[in-house]
Amino acid sequence: QVQVVESGGGLVQTGGSLRLSCTASGLSDDSTVMGWFRQIPGNKREGVALATRGGTDTICTASVKGRFTISRDNTKNTIHLQMNNLEPEDTAMYYCAAGRRYTCGSSAYEYWGQGTQVTVSS
C-alpha cells in the first residue's frame, strides 16, 4: 500500500520562507517521479516542481523560478520544496504526488498526499 505524507506548510509573511517535505512509502521501482502541485479553491491543480530518482528536476510554474527549489533523497523516497521570497499569490494547498510519467500535468500521477496549506500574508 502506497502512502504519501506531506509536512511543513504554515502561515508566513510576504518575503518569508517555508520548506515542505514529502515522504512516499510502498512505491514500486517504476514510480520514479515525485512532484509538488498546488491548488486554490475553484482553480485547477497546477504543477509546481518535479524530481526523478535519476536526479532530473523541473520547475513547472514560471512564477516560482528563482524562488522555489526541489530536492530529492532517494534513500528515503523523500522530496523537499524550499520556498523563498514567498508572495501572497503562492497561497494554496500544496500536494505531493508520485507516478511514472515525467510531466507537470497532475492527471498523470497515481499517488497523492492529503496536502499541506501554505498561506502568505501581505
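None of these values were measured; they are calculated from a predicted model.
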Drop me the distance from [X]'s [atom1] to [Y]'s [atom2], to the nearest 0.5 angstrom.
X	Y	atom1	atom2	value
Glu110	Ser28	CD	OG	7.5 Å
Asn84	Arg19	CG	CZ	11.0 Å
Asp57	Thr52	CG	OG1	8.0 Å
Gln13	Leu86	CD	CG	11.5 Å
Thr119	Met93	OG1	CE	8.5 Å
Leu11	Ser121	CG	OG	5.0 Å

Identify whether [X] and [Y] are in the same connected component of the hydrophobic contact network (ILVMFWY, side-chain heavy atoms under 4.5 Å).
X	Y	value
Met83	Val12	yes
Val4	Leu27	yes
Val64	Phe37	no
Tyr102	Trp112	yes
Ile59	Leu20	yes

Has [X] got a side-chain atom pairing as donor or acceptor with [Y]'s backbone, closer than 3.5 angstrom?
X	Y	answer
Thr61	Ser63	no
Thr103	Gly105	yes
Thr116	Ser7	no
Arg67	Asn85	yes
Glu87	Thr14	no
Arg45	Arg38	no

Practice task
State whether the number of non-hydrogen atoms from other residues, nucleotides or ligands found under 6.0 Å of Arg53 atom CZ is greater than 12.
Solution key: yes
Problem - Any Glu46 side-chain heavy atom under 4.5 Å of Gln39 side chain - result: no
Practice task
State, yes or no, whether a side-chain contact exists between Glu89 and Thr91 at a heavy-atom distance under 4.5 Å.
Solution key: no
Handout entry: Axial cation check for Tyr109 ring with Arg101, 6.0 Å and 45° limits
Key = no
Heavy-atom closest pair, residues [X] and [Y]:
X	Y	result
Met34	Ala98	CG-CB, 4.1 Å
Leu18	Gly8	CD2-O, 3.9 Å
Ser17	Gln82	CB-NE2, 4.0 Å
Cys60	Leu50	SG-CG, 3.8 Å

Practice task
Could you verify whether a donor N or O on one side chain and an acceptor N or O on the other, from Thr78 and Asp73, lie under 3.5 Å apart?
Solution key: no
Fill in the blank from the handout: Result for side-chain contact (heavy atoms from CB on, under 4.5 Å) between Ile79 and one of Cys96, Ser71, Ser21 points to Cys96
Exercise for the section: Look at the aromatic rings of Tyr94 and Phe68 and report parallel, tilted or perpendicular, splitting at 30° and 60°. Expected result: tilted
Exercise for the section: Report the C-alpha separation of Asn74 and Arg72 in whole Å, then their side-chain angles, then the decisive distance to 0.1 Å, and conclude whether the side chain to side chain contact (heavy atoms under 4.5 Å, CB included) test is met. Expected result: CA-CA 6 Å; Asn74 285 331; Arg72 180 164 180 163; 2.9 Å; yes
